[in-house]
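Here is the structure we will look at.
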Number of protein chains: 2
Amino acid sequence: MVTRSSDHGLDASPEMPAEISGLRMTRQRWEVYRLLMDQRDHPTANDVFMRIKDRLPNISLATVYNCLEALVQHGVIRQVNFDRESSRFCPNLAEHGHFHDKLSGAIHDVVFKPGVNLADILDLPPGTLITDIEITLRGELPVS
Amino acid sequence: MVTRSSDHGLDASPEMPAEISGLRMTRQRWEVYRLLMDQRDHPTANDVFMRIKDRLPNISLATVYNCLEALVQHGVIRQVNFDRESSRFCPNLAEHGHFHDKLSGAIHDVVFKPGVNLADILDLPPGTLITDIEITLRGELPVS
DNA sequence: ATAGAAATTAGAATTATTCTTGCTAGATCG
DNA sequence: CGATCTAGCAAGAATAATTCTAATTTCTAT
């Protein structure tokens with residue numbers, strides 16, 4: 001007898017855990033999470049909605065928003081904003097910024113050179129508590 | 001005879017220049033610009049709209065948006081975004097980031113320590129052209 | 001002065017996101 | 001095992017910031 005990951009008839013290769021970082025997993029949350037892990041091109045909520053229809057044809061856009069919000073709230077993914085465009089979502093939890101290439105439209109993760117600590121190079125009053133940093137760059141990557 | 005800055009009967013202390021950075025000045029653009037220079041607390045378009053009514057009781061919100069856009073486009077002011085909140089506007093043209101103090105709600109300009117060049121400490125492919133950098137911090141300033 | 005161009009106004013339209021309501025499904029308890 | 005209880009989901013309405021449209025006004029240059 002073949003083991004089957006769920007009763008839905010759809011095969012969800014990696015088994016769905018009961019929870020991630022304290023967030024109870026549901027079929028919808030799990031598929032949203034898996035999509036972000038598999039397609040790391042910083043999709044918008046609507047991108048996720050359209051792409052996920054293969055696996056969850058009945059999901060609603062509101063649920064995609066709810067899932068994304070829950071995942072962000074529990075620190076499982078990050079929400080990334082460029083100007084006032086639609087929010088984008090990113091499963092890379094390491095400290096990093098984002099580079100928006102004007103030529104291709106693609107968004108790339110950017111990290112600091114080793115040993116660099118942003119808080120050290122900013123001129124802030126002593127005792128300032130930094131809870132969150134966001135770095136956004138725009139420009140053109142070399143054509144290569 | 002007393003010199004008078006305009007025919008409107010309202011006194012616009014510093015004389016309005018014909019243009020700034022190639023942007024033709026109008027009464028509305030000038031007042032928006034002056035307000036931002038005088039009140040550097042990063043107001044939103046709506047904040048500007050409400051505050052400017054003293055001087056221009058008939059201005060419309062759309063015009064405030066138009067003026068702000070024109071000023072941004074000509075590099076006279078900067079547009080600052082925090083997450084998906086309303087855009088804020090800032091007349092500080094020097095390279096700087098923004099610190100959002102969760103305690104007071106205030107937004108403060110942040111500069112690098114002398115001699116620091118952000119492009120040098122980021123791990124980018126050689127030949128990358130950076131046209132724009134945005135740095136946003138959230139946290140708490142020391143209480144006193 | 002006058003024609004043409006650019007700005008302004010008021011309000012409608014748009015768009016991403018959030019909210020509301022009723023329903024569904026999984027968890028809990030007896 | 002079944003009843004109940006709760007969290008999550010779906011669908012669509014509502015919201016809020018911003019942009020667009022059309023008509024009017026103000027500049028600019030002739």
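Here is how names work: the chains are called A, B, and so on, in the same order as the sequence lines, proteins then strands, and each is numbered from 1.
A:His42 and A:Asp47 form no side-chain donor-acceptor contact under 3.5 Å, judged by distance and modelled atom types alone. Judged by distance alone, the side chains of A:Thr63 and A:Gln28 never bring a donor and an acceptor atom under 3.5 Å apart.
Within the structure, side-chain hydrogen bond (donor to acceptor under 3.5 Å, both in side chains) pairs that include any residue of residues 114-130 of chain B do not occur (at least two apart or interchain).
Nearest heavy atom pair, residue A:Arg51 against residue A:Pro43, reads NH1-CB, 3.8 Å.
Regarding A:Trp30, its CH2 atom lies at a distance of 18 Å from the C1' atom of D:dG8, rounded to whole Å. Distance B:Phe89 CZ to D:dA17 P: 13 Å, rounded to the nearest Å. Atom CE of B:Met25 and atom C1' of D:dT28 are 17 Å apart (whole Å). Residue A:Gln73 contributes atom CD, which lies 15 Å from atom C1' of D:dG8 at whole-angstrom precision.
Using five terminal pairs a side, the axes of the helix from C:dA1-D:dT30 to C:dG30-D:dC1 at its two ends make an angle of 30°, given in steps of 10 degrees.
With contacts defined as side-chain heavy-atom distances shorter than 4.5 Å, the pair A:Asp83/A:Asn81 does not qualify.
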TODO: Check the pair B:His98 / B:His100 against ring pair (Phe, Tyr, Trp, His ring centres under 6.0 Å), numbers first and verdict last.
DONE: CA-CA 6 Å; B:His98 293 100; B:His100 190 161; over 10 Å; no
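B:Phe99 and B:His108 have their aromatic ring centers separated by at least 6.0 angstrom.
Atoms SG and CD1, from A:Cys67 and A:Ile52 in turn, are 7.5 Å apart once rounded to the nearest 0.5 Å.
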Open item on the list: I need a per-nucleotide contact map over nucleotides 7-18 of chain C, read 5' to 3'. Cutoff is protein heavy atoms under 4.0 Å; write B for the base, S for backbone only, - otherwise.
Closed with: SSBBB----SBB
